[in-house]
Engineer: 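Pasting a structure here, questions to come.
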Amino acid sequence: MMKIFICPGCGRMTTGSRKKEMTCSRCGELPMERAKLTFEKFAEMDGQQRQDYSRSWLYIHQTGRADVK
């Protein structure tokens, strides 16, 4: 099963299937957190929707920067 991970430092999202922990390749934040998003929903999203999700997630969790790219 594919899992979606999100970086609590910069908001970068990535997928993984076997790893329980992921490291952000952008900022090195360890560990990335598992997003409550299915792979199917993630795959249906375009780039802007993923960015919006990431910004919302960072806002809700009050972690990371305001200028997520």
Side-chain angles (χ1 to χ4, degrees):
M1 173 171 34
M2 294 296 287
K3 301 170 205 144
I4 310 303
F5 294 90
I6 189 165
C7 177
C10 68
R12 181 181 182 278
M13 296 175 72
T14 190
T15 60
S17 61
R18 296 182 184 201
K19 294 185 177 183
K20 292 184 180 183
E21 289 187 359
M22 297 283 286
T23 303
C24 180
S25 62
R26 183 185 298 162
C27 70
E29 185 76 26
L30 179 68
M32 291 180 83
E33 294 189 26
R34 187 126 178 241
K36 293 181 181 177
L37 181 67
T38 64
F39 180 74
E40 290 79 18
K41 290 273 189 185
F42 180 78
E44 291 173 359
M45 293 175 153
D46 63 23
Q48 184 62 48
Q49 290 171 320
R50 290 177 185 177
Q51 189 175 47
D52 291 344
Y53 181 90
S54 174
R55 285 187 175 146
S56 298
W57 189 94
L58 287 172
Y59 179 78
I60 290 167
H61 291 88
Q62 297 181 354
T63 58
R65 306 181 320 250
D67 63 324
V68 175
K69 294 179 180 165

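Heavy-atom basis, side chains included; hydrogens, waters and symmetry copies ignored. Please read these numbers as outputs of a predicted model, since none were measured by experiment.
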Engineer: Are any side-chain N or O atoms of Thr15 and backbone N or O atoms of Ile4, one a donor and one an acceptor, separated by less than 3.5 Å?
Structural biologist: no
Engineer: Do Arg12 and Ile6 make a side-chain contact, defined as non-hydrogen atoms from C-beta onward lying under 4.5 Å apart?
Structural biologist: no
Engineer: Give, for atom SG of Cys7 and atom CH2 of Trp57, the distance between the pair rounded to the nearest 0.5 Å.
Structural biologist: 8.0 Å
Engineer: Do Met2 and Phe42 pass the side chain to side chain contact (heavy atoms under 4.5 Å, CB included) test, and can you show the C-alpha distance, the side-chain angles, and the key distance before you say yes or no?
Structural biologist: CA-CA 10 Å; Met2 294 296 287; Phe42 180 78; over 6 Å; no
Engineer: Find the distance between SG (Cys24) and CE (Met13) and round it off to the nearest 0.5 Å.
Structural biologist: 12.0 Å
Engineer: Only counting residues at least two apart or in another chain, list the ones meeting side-chain contact (heavy atoms from CB on, under 4.5 Å) with Thr38.
Structural biologist: Glu40, Lys41
Engineer: Side chains of Thr23 and Met32: does their closest heavy-atom pair fall under 4.5 Å?
Structural biologist: no
Engineer: Please enumerate all residues that pass side-chain contact (heavy atoms from CB on, under 4.5 Å) together with Met45, with sequence neighbours excluded.
Structural biologist: Leu37, Gln49, Arg50, Tyr53
Engineer: Measuring from atom CD of Glu21 to atom CZ of Arg34, what distance do you get when rounded to the nearest 0.5 angstrom?
Structural biologist: 12.5 Å
Engineer: Can you name the residues that form a side-chain hydrogen bond (donor to acceptor under 3.5 Å, both in side chains) with Glu44, not counting sequence neighbours?
Structural biologist: none
